[in-house]
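Values reported hereafter were calculated over all heavy atoms of this structure, with side chains retained and with hydrogens, waters and symmetry mates removed.
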Amino acid sequence: MKVYLAKEVGFCFGVKRAINMTRQALAENSQVAILGDVVHNRTVTSELEARGLQKVEDLDDVRGGTMVIRAHGMPQSRIQAAHDRGLNIVDATCPIVSQAQDAALELERRGCQVVIIGDKNHAEIKGVVGNLKNPALVVDSVEELHEANLDKRLLRKVGVIFQTTHSFELCAAIVNELIVMAKEVQVINTICRPVRNRQMDAVELAETVDLMIVVGSRSSANTLELKHLCLKYNPRTIHVESADELDLESFRGIDSVGIASGLSTPPDTVEQVKVRLMTWDSSQTAPPLEPVPA
């Protein structure tokens, strides 16, 4: 059995930046809190909480000291409220997410109804919506778009942005439908380029191996997106959070395995999955850890 890694696994730039900023804040301050999780990965959040990070659900629970803004961002009104309380703010918002927030505001300034293609319950989307003066329409499927149109919630002039970690294929399908329904459609592509590159690379790998593994937290939206995307191209795609979840007996008869990961998956976790697969079959010769040749 040969094991191949996707070109890029482990933390993306935005996640790595947020983790490092939080670690630095913990090293420099005795009291550090955060609303929600820094990133969607239990290994990461457990490590930071062990260092002293206090996870809270409401701003009223922050009694003082320093507050970290998670990688997914937060509405400016809540950040200002934190400033008004005298809190020291460490803004670890991913720069790509900040660009998406700015894009939504720009579309609103142009007089567009802002349509966001994404998960309305995701922290990133809540941050974007919270910055707007007017209500945004958030849809995550063609069916939801049709429902909004039937309910007359969709206006004639719309401006579209995307959840930064969303699948390009899903966003394109919704935009194609939207063009038919609205009179004027302005689109700003806010999908993160590293996310798109990872998706394309994972698909290429999934098409060439017998079985595909996506490693990452089940609470990570981009990991779930990656799993569903790989499933389209390889029905033998599985999702694990760690090496301990691997059912090694199910790999009997498998000649090749591909491994990809979510953006917030620690590189050590990916390495552990790879090592467990390669150690299990002691007769194999490990190939170079590089993408499968075309």
Side-chain angles (χ1 to χ4, degrees), residues 12-15 17-18 39-40 69-79 91-149 152-201 203 220-222 224-226 228-229 262-264:
C12 68
F13 160 76
V15 167
R17 174 179 176 272
V39 296
H40 286 144
I69 308 302
R70 60 196 296 183
H72 307 95
M74 202 164 73
Q76 284 299 320
S77 59
R78 298 191 75 188
I79 296 177
D91 191 353
T93 304
C94 172
I96 305 299
V97 173
S98 296
Q99 290 175 11
Q101 293 176 344
D102 292 342
L105 289 169
E106 173 59 26
L107 290 169
E108 186 173 63
R109 281 193 290 268
R110 296 178 191 175
C112 298
Q113 176 193 25
V114 178
V115 175
I116 306 171
I117 298 177
D119 177 3
K120 64 183 178 182
N121 296 315
H122 194 276
E124 176 190 323
I125 302 305
K126 290 180 179 179
V128 174
V129 171
N131 283 338
L132 300 172
K133 294 180 181 178
N134 300 312
L137 176 63
V138 183
V139 296
D140 206 18
S141 68
V142 172
E143 291 73 24
E144 287 184 9
L145 180 64
H146 282 291
E147 289 176 9
N149 192 39
K152 301 189 183 304
R153 288 181 287 128
L154 180 66
L155 304 183
R156 302 296 286 167
K157 180 180 179 179
V158 300
V160 185
I161 67 165
F162 311 128
Q163 185 171 327
T164 59
T165 57
H166 247 31
S167 160
F168 179 81
E169 286 78 5
L170 171 62
C171 294
I174 296 175
V175 169
N176 287 338
E177 288 292 313
L178 189 56
I179 290 172
V180 177
M181 298 177 183
K183 183 177 180 181
E184 181 179 343
V185 179
Q186 300 182 33
V187 179
I188 298 179
N189 183 2
T190 53
I191 292 178
C192 173
R193 178 66 64 179
V195 169
R196 179 60 179 154
N197 290 342
R198 284 199 187 204
Q199 290 174 346
M200 293 173 65
D201 180 52
V203 164
S220 166
N222 71 82
L224 296 176
E225 287 272 2
L226 192 61
H228 292 309
L229 187 60
L263 304 173
S264 54

Would you check if [X] and [Y] make a side-chain contact, meaning some heavy-atom pair closer than 4.5 Å?
X      : Y      : value
Leu107 : Arg110 : yes
Ile117 : Val175 : yes
Gln99  : Thr190 : no
Gln163 : Ile116 : no
Cys192 : Ile96  : yes
Ile188 : Val160 : no

Minimum heavy-atom distance between [X] and [Y], given as atom pair plus value:
X      : Y      : value
Pro75  : Gly127 : CD-CA, 3.7 Å
Asp140 : His166 : OD1-NE2, 2.6 Å
Leu229 : Gln199 : CD2-CB, 3.5 Å
Ser220 : Ser264 : OG-OG, 3.8 Å
Val129 : Ala136 : CG2-CB, 4.3 Å
Ala71  : Val39  : CB-CG1, 4.1 Å

Does anything in [range] form a salt bridge (Lys or Arg N to Asp or Glu O under 4.0 Å)? List the pairs, not counting sequence neighbours.
range            : result
residues 185-198 : Glu169-Arg196
residues 126-135 : none
residues 93-102  : none

Would you compute the distance between atom [atom1] of [X] and atom [atom2] of [Y] and round it to the nearest 0.5 angstrom?
X      : Y      : atom1 : atom2 : answer
Leu170 : Phe162 : CG    : CZ    : 9.5 Å
His228 : Leu226 : NE2   : CG    : 10.5 Å
Gln101 : Ile125 : CD    : CD1   : 10.0 Å
Leu145 : Leu137 : CG    : CG    : 7.0 Å

May I have the list of side-chain donor-acceptor pairs in residues 178-185 shorter than 3.5 Å, sequence neighbours left out?
{"from": "Glu184", "atom 1": "OE2", "to": "Gln186", "atom 2": "NE2", "distance (Å)": "2.8"}

For [X], which residues count as a side chain to side chain donor-acceptor pair (under 3.5 Å) partner, sequence neighbours excluded?
X      : answer
Arg109 : Glu106
His146 : Glu177
Asp91  : Thr93

Give a yes or no answer on whether the side chain of Asn222 reaches the backbone of Leu263 with a donor-acceptor pair at less than 3.5 Å.
yes

Main chain of Ala172, side chain of Asn176: is a donor-acceptor contact present, judged purely on distance under 3.5 Å?
yes

Can you name the side chain to side chain contact (heavy atoms under 4.5 Å, CB included) partners of Pro95, sequence neighbours left out?
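For Pro95, the residues satisfying side chain to side chain contact (heavy atoms under 4.5 Å, CB included) (neighbours in sequence not counted) are Phe13, Arg17.
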
Sequence neighbours excluded, which residues qualify as side chain to side chain contact (heavy atoms under 4.5 Å, CB included) partners of Ala104?
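With sequence neighbours excluded, Ala104 shows a side chain to side chain contact (heavy atoms under 4.5 Å, CB included) to Val114, Val128, Leu132, Ile161, given in chain and number order.
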
Does any pair with a residue in residues 113-125 pass side-chain hydrogen bond (donor to acceptor under 3.5 Å, both in side chains), and if so which ones, sequence neighbours excluded?
Glu124-Thr164

